[in-house]
Amino acid sequence: LPQSRRDTEASSVKEQKYDYIIVGGGLTGLVVANRLSELRDRTVLVIENGYIDDSLTTKVPNLANSLNSADMYSITSAPDPNLGNATYPVQVGNVVGGGSVVNGMAFDRASAADYDAWEELGNPGWGWDSLLYYFKKSTTFTPPLKSLAKEFGMTYDENYYGKTGPLQASYPPFDFPDTKTIWSSFRAEKITFPKEGGSGDGVGAYWIPTALDPKTMTRSHARTAYYDPVKTRSNLKLVTGQTVNEILFNGLTATGVQFVSRADKTVTKAYAKREVIMAAGGVFTPQLLQLSGLGPKSVLQAAGVKVKRDMPSIGANFQDHANVQMFYNLDNMSFPNPLSLSTNATYNASAWQEYLTKKTGQYTIAHGNSLAFLSLPQLTTNYKTIVNQLKGQKTADFLPPIYSNKALLKGFEAQKSIITDMLSGNDAAAGEIPMSPFGLAISALQRPLSRGTIQLNPKDKYGNPVITFNTFQNPVDKAIIMAMIKFTRNHWARKELAGFAPLELVPGATAQTDDQIIKALVASGAILPTFAHPACTCAMMPEDKGGVVGSDLLVYGVDNLSVVDASILPLLPATHIQATMYAVAEKAADLIKARG
Ligand SMILES: Cc1cc2nc3c(=O)[nH]c(=O)nc-3n(C[C@H](O)[C@H](O)[C@H](O)COP(=O)(O)OP(=O)(O)OC[C@H]3O[C@@H](n4cnc5c(N)ncnc54)[C@H](O)[C@@H]3O)c2cc1C
């Protein structure tokens, strides 16, 4: 690999001691590395499995519409019994900057109620009011062009964003003509329209910014925002292309890590004087803790790992946003539309030139800037039946075997009670419907009750872990998805959209009963267990409620080990999660600094 794709050579950190070792130089890892290395008398080492990538794929917003598999792991889930035993790709960034380099660039937040739920689950200081400070601290906000805002009726409130934070949040100088028609169809629904979705009121249809640098019209991500500007600090080091495969302990005190070079398999150790900080993400943090002897005893033993501490909760509580991807054939779409770049080569060439020379046009837009996050009462008048179905369940009924553990069950009981309240009212969203101006009609479940697991592969502990989504194990999840499908069908039958003569191709009009619909969707691969938000596998909750870390982010029962990534979320918020993860990591850094 060329030097430009690497940073410090691993040999130079061999057997060295740092104050902090951060495992994973993804989104949260780089935020925490930046903030901790502000303390000039503290040394920070970041170890990342991926390399640096500055290719166009990581920069041009419209290219975020295709998966950048070169910068992602190749992982397949375990078969999902509720989805015809199908297996699915699990999307995780494998590059310096992690998910922030390969994601869809949506930069939104959930409602205040989503974050207040974290606090209610036993995490003082993690509610909306305290997180808002960190949401602001992480961003610099640039409003949309005045002319575009006027033409499309875009609303926003800059008071909810920062003015000097590292991550750029802004809007492309472009949208599709048909976005106006789509908005008119949502305006006709009985839903709400918050002026600013990032205000704590994230229920309804609204405009969102993207992680976009308005000066260069390129993606703003964790590496360009948090690492590149400070990489010359002498107390900060990043090694790339190294897979951490064990956290080293002295008794139950974490003392360092062992990592293996992807290039030549050289094994290296480095030591942490103060803390080993896990930032390997929702999939690999639980795997690495298990590899290091912390996790469910049975899982560790099956994989041949010596148990340091039996912790059934590590790898449990797994959540993602399962979603259904319906598709309509539309006539009379305006030009350009999201399909024009791929269907019209002449237009594509001119749009590319326009992007290169003027930084305008269709190449500046990623997945679009309009989203609807709807509460259950907004999605269906039948919401009380679904809420009663949930209330009538015995808590242990629809959970994976590991929930025979009393603490996990107690924690799920507390989560279920909060979710029941959320589904009963309009303070929090139950489902996301991205407002895309072409025939793709996505329904993404925001309040999953099914719980998955991430566990070591007993046949190959260093290989990818066994990722079990358990999508739809809880029938309430299916009921909510069905409500969303019906909402979507009614929506596309609206007169505001009649000009498109929409024809439902997937699942197709012949599918009418719930069973027929689900069957047809599964058969066409149009139900996905993941929205690339795998999280919650090392939940921040009290230990007697199935928590892995406390509100100080320290792992229970051991010393000098903390987690700062998406695995600490107790409940998945109803949003795309990157903006939340920047805020969480900013707060995490302050907590770690405050330990003195
Ligand atoms: C394809 C895709 C699309 C997405 N779209 C959006 C979107 O539009 N909007 C949004 O808000 N969110 C989106 N997300 C989600 C968001 O990017 C992630 O939630 C976020 O990056 C999680 O941050 P993290 O720090 O927890 O993990 P990551 O950013 O994944 O960082 C973890 C890092 O740890 C490294 N690592 C893992 N194991 C090891 C190991 N053993 N040794 C060394 N390093 C290791 C990984 O290589 C990775 O770089 C998307 C994600 C993906 C993958």
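Counting starts at 1 for both ligands and their atoms, following the listed order.
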Requested in this report: Step through it carefully: locate the ring centre of Tyr156, locate the ring centre of Tyr161, and say whether they are under 6.0 Å apart.
Outcome: no
Requested in this report: Kindly confirm or rule out an N or O of Ile577 lying under 3.5 angstrom from an N or O of ligand 1.
Outcome: yes
**Report entry** Trace of the side chain to side chain contact (heavy atoms under 4.5 Å, CB included) decision for Tyr115 with Arg109
**Finding:** CA-CA 10 Å; Tyr115 305 105; Arg109 297 175 194 164; 4.2 Å; yes
Minimum-distance protein heavy atom relative to [atom]:
atom                    : answer
atom 15 (C) of ligand 1 : Ala532 O, 3.5 Å
atom 28 (P) of ligand 1 : Gly99 N, 3.8 Å
atom 44 (N) of ligand 1 : Asn49 N, 3.1 Å
atom 24 (P) of ligand 1 : Thr28 OG1, 3.7 Å
atom 5 (N) of ligand 1  : Gly104 N, 2.9 Å

**Report entry** Ligand-residue contact atoms, ligand 1 with Asn94, heavy atoms, under 4.0 Å
**Finding:** 47 (O)
Query raised in the report: Taking side chain as C-beta onward, heavy atoms only, is Val44 less than 4.5 Å from Tyr18?
Result: no
Report task. Using a 4.5 Å cut-off on heavy atoms from C-beta on, say whether the side chain of Trp207 contacts that of Asp175. Result -> yes
Out of curiosity, is [X] lining ligand 1, as in a heavy atom under 4.0 Å away?
X      : value
Gln242 : yes
Phe259 : no
Asn68  : no

Report summary line: Here the gap from Ser562 atom OG to Leu591 atom CG, rounded to the nearest 0.5 Å, amounts to 9.5 Å
Query - Lys/Arg N to Asp/Glu carboxylate O, Lys59 vs Asp213, below 4.0 Å - result: no
Query raised in the report: Any idea which of Val95, Asn245, Asn103, Ile568 brings a heavy atom closest to atom 3 (C) of ligand 1?
Result: Asn103
Query raised in the report: Who gets closest to atom 39 (C) of ligand 1 by heavy atom: Tyr462, Phe107, Tyr582, Tyr73?
Result: Tyr73
Report task. Provide the closest heavy-atom pair for Ala566 versus Ala535 in the form atom of the first, atom of the second, distance. Result -> O-CB, 3.3 Å
